[in-house]
Visitor: 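After the C-alpha cells below, expect a handful of questions from me.
To find a chain, count down the sequence lines: A is the first, B the second, and so on, and within it residues start at 1. Since we're looking at a predicted model, the values are computed, not measured.
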Amino acid sequence: MDLKDLPKAYDAAAVEAGIFKQWESSGAFDPDGLEKLDPRYKEADPYCIVLPPPNRTGTLHLGHAKMLAVEDLLIRFYRMLGRKTYWVPGTDHAALATQVKVEQLLIKEGHKDPRKELGREKFLEKVKEFAQQSRDTIVSQCKAMGSSMDWKREKYTLDEERNRAVNEVFKMMFEDGLIERGYRVVNWDPVFQTTLSDDEVEHKETQAELVTFKYDKDFPIEISTTRPETKFGDTAVAVHPDDERYKKFIGQTFKANFCGKEISVKVVADPVVDPAFGTGALGVTPAHSMIDAELAERHQLPMVQVIGTDGKMMAEAGAGFSGLTIKEARQKIVETLEVNGCLIKKETVPQSLLIAQRGESPVEQLPLRQWFVRVNKPFKLRQDTLGRWQKGDEATLKDLMSFAVESKQIRILPESFEKIYFHWVNNLRDWCISRQIWFGHQIPVWYNGEKIEVGNESPGEGWERDPDTLDTWFSSGLWTFSTLGWPDKKAWGNNRGYHPTNVLETGYDILFFWVARMILMSTYVLGEIPFRDVYLHGLVRDEKGRKMSKSLGNVLDPLELIPKYGTDAVRLSLVMGTAPGMDQKLSEEKIKDFRNFTNKLWNISRYIMMTTAGVTKEQADEQWTKGPITLSDKWILSRLHEVQTNVTQLITEYQFSQAGELLRDFTWGDFADWYLEISKIEKNKDAILWHVLSRLLPMWHPFMPFVTEHIWSLIGDPRQLVVSPWPSSAHIRDEESEKEFAVIRNLITDIRRLRAEQGIEPASFVKINLIVDKDTARLIKENDSVVKQLARIETIDLVDSIPEGWPTAVSGKIVIGLNVASGLDIGKEKAKIEKEISGLKPYVESTTAKLSDKEFISKAPEKVVQGMQEKLDEAKMKIEALEKRLISLK
RNA sequence: GGACGUUUAGCUCAGUUGGUUAGAGCGUUCGAUUCACAUUCGAAAGGUCGCAGGUUCGAAUCCUGCAACGUCCACCA
C-alpha cells in the first residue's frame, strides 16, 4: 500500500474483523500454538486465567465487557512478556436463572404452565436450545471485544467433562460426610417451586402489620407477630432469661386453642430475645423461620409445618384455614382473634421481606428434606493441604476457606474486600445444594427404599435417581480445575502447571457466590488454592450512577458501541479513569474521547510512516546506535525509559488506569505535541521517531490491541504484535537532560502565554529580551531554532540586567523574563521593570528546575532534615528486609 | 443494628508508603487553521481536597468525632 493512501482517520470497523481472524488462525491464543510462533515460549513459565464463565441467559453487557478488557489486557501483557499464557474460555449454564428465563419466554409464547405441559424432557430441550443460542452470541461478543482466548478449548459448566468432575466431587464429599441429607428449614420459592440458598435471597423494605395478641383468652403471655398465619405452628414462647415479667412461666407448658386449633406451647428462656421489642415475648415457629429453628434446636422443641410448598395453608392449620392462601389466612386469623377478644393491638411497622433474587415473589421458610454441604463439620483431609495440614488431619471446610486467605496464599485486591470475605466465611451456614429444577447437574444419588447409592450410573433394578439438580455454584466452584481436565488423570496431568491459576478477575458482586466457593472446592479437592490473586473490579453504571437495567432503558450495549467507536475505544473507556473495586460511571461521551485518542495514535504513526518513508525499522535501529544528538533526543529517550519502567510495574500491580494515563501523557503530551513538532525543526530524527514508535505500539497493545496491531502490520514487521516481545528499556534515566529540556519547554510555554496576554498577532515573529543566567543562556543558544520556531521569535537578546534606555529602543512587541535561578532579587528586579516599562508586567520565570532532594535538604531547617533522614533509614531497612526475603526464597 | 466504602475543579475521576507549587479528561473562555490529525493545535480561568478537632517541622494522605450519600451482611419476632 502506498503510504500516501493511508486514510486520514483510523477506520476501526474496516480492519478489526480481519485482524482478529489472523490472530486466531495463527495460533497466538493457543498456549501450545505459541511455541510454533516463537521458540521462546517453549520453556516459558505458564500464566493462566480462567474466564468467569458468562451465564447463558442472554447477551453480554458492559460489565462483561469490562471483565474481558481487563483480563485480555493481563493476558496480552504477560504473553508479550514471554509467559505461556492460557486464558480458559467457557460459559455457565446458570441453572435456575436460565430455566426461569426460558419459562418466562414460553409463557409469553402462550404456554400457561410450560413445565407441566411439556414435561421434563421436552422442556429441557427448549432450555438447551436457548442456552445454545445464548452461547453463540456470547462467543461472538467475546471475539468482537478482541479477547485473546482460544475457543477451540471452550468449556461449559454443564458438559460431559464438567459433569464427571461434579459427580466425583459429590462422591468425595458424601464419603467424607460433608454432604448430608437433612430435614431442615430452607428458603422456598413458591413461584419457581424450588429451594434457594441463603445467598439467593434478598431483603426488601416493606411495611407490615404487627399484630399483638394472645393465643387464646386464658393464655398468660401476649406476643407480637407480622406473620399470624404461621402461629398454628408455634410450639414455644421465648423470653429473655432476666425478664422479670415472665420469669415465673419459664419451663411451663401451656395448652391453648389458637383460632380453633389445639397447640401446645412451652415457655423457654433464651438470651436472643430482645425484652424491649413488642411484648418482650416471642412466639417460636420452628418450621417457618430459620432463627426459630435454631432456637428450637437449642431447646429441643418440636417442629410443626403449617404452610405447604404451594404457598397455601396445610391441614395442620385446622379445618377453617386449610387450603387458604397466606394472605387469606392472615386476614381471617386477625378477624377471628378480634372476635374472640384476643387481639390487643395492630400497628404498622417497617419490615424487610424475604424475596427471591431473581424475582419479586416472597420466599417462604419451611422444612424440607434436602442435600446440604456441611461447612462446620470436621473431616479427615485427603491430602496435605495449604502447607498447614497433613493428610489425615481434621479440619472443617470453613477452616480451609479462612486459612487460604488469612495466610496470604490468596491475595484479595483491593484489600478491603478481605474483611468482607472473612465476615462472610465466619457466618456461613450449611449450604443447601439441591434444587427442584430440571436444568442442571442431576444429583448423582440413587434410592432403593432406605438404601442410598452415590454415582452417575444406576446401581441396578429397582433404584431410582434423585430428581433434583445441584445448585449452579456447585459446578462453578470447580471451575479452575475442572476446566483444566480434573479428574481425568491424563488431561489434568498435562495442565497441572496452570493450577493454581494466576489471577481471578471478576466483579465484586460475586465474591461470595463464586470466589468463596472456588476457594472451598479447590482447597478441599486438591489441597491447594485455586488462584493467587483475586482482582475485583467495580460495577459499570450509567452516567447518573444507576445500575444499567432494561427497565430503566439506560443500557449501553457493547455490540452497538463497538461499530460506532471501535473496540479499542470501548476497551479504553472501561479501563481508564477507574480504580480497583470502585464502581464506574460510563457515558458515550467518554468512549468518544478515547476514540479520538485511537485516532491520534493512528495519525502519529501515519505521520512517521509518511515523513520517514523508505527508512526500514532495521535501518532506523542501525542509525539509532549512533546515539542521540540534541537535547530533545536525550529528553525523549529518557522519558521513554521512565515510561517503560513504570508502565511495566504498574500493570504487574494491577494499576491499569495509571499505566494507561502515563502512556497517554507520554504519547500525546510528550511525543506528539513536543518531540514530533521539534522533529519538524531539527532534522535527522527518523531513527528516534521509529525507535519510540516501535516501543509505544507494544506498550499500547494490551490496552488497544486492534489499532496497534494494524499499525504494526503497516510498518512492515513480519511478526504479529500480539506475540512480539514486551519492550525492555535500552536507556537509562537522564535527569540532567530532562531538567534542561523542562527549562526550554517552560520558556516556550511562557512566551506563548505572554504573547497571548499582550495581544500579539499569533502569526507574527517578534523580538524579545530575556534576563537569564549563564546556564539558561547556554541552553537557549543550543536550542535556538527550536525556541524561535515554537515560540515564534525573530531574535532573542539575552541580557543579565535591564539595558539602559530599554524598551524604548525596541518598539512594539516585547517579552521580558526573570529567572529565579539566576540569583537576582526578584522583588527588586520586578519593581524596577514595572517602573521603567509602564504597562508591561514582567513574569516571574517558572523555568527554574525544581529543587532536587539534595538541594531541598540543604536548604531545609534541621528538623526537616532529621525527619527525612529517619524516613531514609526506614526505607533502607525495608529494602534490607526485602533482600533477605529474596535470598531466603532463592 | 453491624461492617465497609465514598466525599478532591462545573462534570467524571486519579492521587502507591505523610514531603517542594494537589493532577488528568471532558466542559467553559480566548485564540489558531491548506503544511500527520477539527476525531486537531496553543493559551487561560476554575480547588480553604465534606465538616470539626488531634498527631507532626510538614496532612488530601495518619488518628478521633460528626454529616451526607452508597454498598454489603444480619435482623426486626
Visitor: List in chain and number order the residues that pass side chain to side chain donor-acceptor pair (under 3.5 Å) with A:T212, two or more places apart in sequence or in another chain; answer none if no residue qualifies.
Guide: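 If we apply the side chain to side chain donor-acceptor pair (under 3.5 Å) test to A:T212, skipping adjacent residues, the hits are A:S224.
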Visitor: Apply side chain to side chain donor-acceptor pair (under 3.5 Å) to A:W668 and list each qualifying residue two or more places apart in sequence or on a separate chain.
Guide: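 Per chain and number, A:W668 pairs via side chain to side chain donor-acceptor pair (under 3.5 Å) with no residue.
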Visitor: Once ring-ring contact (aromatic ring centres under 6.0 Å, His included) is applied, do any residues pair with A:H710, and if so which ones, sequence neighbours excluded?
Guide: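 Listed in chain order: A:W602.
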Visitor: Using the P atom as the reference point in each nucleotide, state the distance between B:A77 and B:U7 in Å, no decimals.
Guide: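 To the nearest whole Å, 36 Å.
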Visitor: Polar atoms only, N or O, under 3.5 Å: list the protein pairs with nucleotides 39-41 of chain B and their distances.
Guide:
| from | atom 1 | to | atom 2 | distance (Å) |
| --- | --- | --- | --- | --- |
| B:U39 | O4' | A:N596 | OD1 | 3.0 |
| B:U39 | O2' | A:N599 | ND2 | 2.9 |
| B:U39 | O2 | A:N599 | ND2 | 3.3 |
| B:U40 | O3' | A:K600 | NZ | 3.3 |
| B:C41 | OP1 | A:K600 | NZ | 3.0 |
| B:C41 | OP1 | A:W668 | NE1 | 2.4 |

Visitor: Determine the stems involving RNA chain B; a stem requires 3 or more consecutive pairs of the Watson-Crick or G-U wobble kind, each with both distances below 3.5 Å, and the answer is none if no such run exists.
Guide: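 So far as stems of 3 or more pairs are concerned, RNA chain B shows B:1-7 with B:67-73, B:10-13 with B:23-26, B:28-32 with B:40-44, B:50-54 with B:62-66.
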Visitor: Which nucleotide, B:A43, B:C37, B:A77, lies nearest any side-chain atom of A:E677?
Guide: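 Among B:A43, B:C37, B:A77, the one nearest the side chain of A:E677 is B:C37.
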Visitor: Would you mind writing out the side-chain donor-acceptor pairs for residues 342-351 of chain A within the sub-3.5 Å range, not counting sequence neighbours?
Guide:
| from | atom 1 | to | atom 2 | distance (Å) |
| --- | --- | --- | --- | --- |
| A:Q351 | NE2 | A:T226 | OG1 | 3.0 |

Visitor: Using the P atom as the reference point in each nucleotide, state the distance between B:C41 and B:G53 in Å, no decimals.
Guide: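 That atom pair is separated by 46 Å.
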Visitor: Out of B:C75, B:A36, B:C13, which has the shortest distance to the side chain of A:L676?
Guide: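 Side chain of A:L676 sits closest to B:A36.
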Visitor: B:U71, B:A77, B:A36: which one has an atom nearest the side-chain heavy atoms of A:V273?
Guide: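 Looking only at heavy atoms from C-beta outward on A:V273, the closest nucleotide is B:A77.
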Visitor: Applying ring-ring contact (aromatic ring centres under 6.0 Å, His included), can you list everything that pairs with A:F417, at least two apart in sequence or on another chain?
Guide: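 A:F417: ring-ring contact (aromatic ring centres under 6.0 Å, His included) contacts with A:Y508.
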Visitor: Run the ring-ring contact (aromatic ring centres under 6.0 Å, His included) test against A:F213 and tell me which residues pass, sequence neighbours left out.
Guide: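 Partners of A:F213 by the ring-ring contact (aromatic ring centres under 6.0 Å, His included) criterion, ordered by chain and then number, come out as A:Y215, A:F258.
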Visitor: If I pick the P atom on B:A14 and the same atom on B:G25, what distance separates them, to the nearest angstrom?
Guide: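 One P to the other, the span is 16 Å.
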Visitor: With sequence neighbours excluded, give me every salt bridge (Lys or Arg N to Asp or Glu O under 4.0 Å) pair touching residues 664-676 of chain A.
Guide: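 For residues 664-676 of chain A, and leaving out neighbouring residues, the salt bridge (Lys or Arg N to Asp or Glu O under 4.0 Å) pairs sorted by first residue read A:R639-A:D670, A:D670-A:R745.
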Visitor: For A:R792, which residues count as a side chain to side chain donor-acceptor pair (under 3.5 Å) partner, sequence neighbours excluded?
Guide: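 Side chain to side chain donor-acceptor pair (under 3.5 Å) list for A:R792, sorted by chain: empty.
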Visitor: Using the salt bridge (Lys or Arg N to Asp or Glu O under 4.0 Å) rule, collect all pairs that involve residues 570-583 of chain A, keeping only residues at least two apart or in two chains.
Guide: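 As it turns out, the salt bridge (Lys or Arg N to Asp or Glu O under 4.0 Å) pairs with a partner in residues 570-583 of chain A, which skip direct neighbours, are A:D72-A:R571, A:R541-A:D583.
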Visitor: Output the residues of residues 561-577 of chain A in contact with RNA chain B, where contact means a heavy atom of the residue under 4.0 Å from an atom of the strand; sort by number or write none.
Guide: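 Nucleic-acid contacts, sorted: A:G577.
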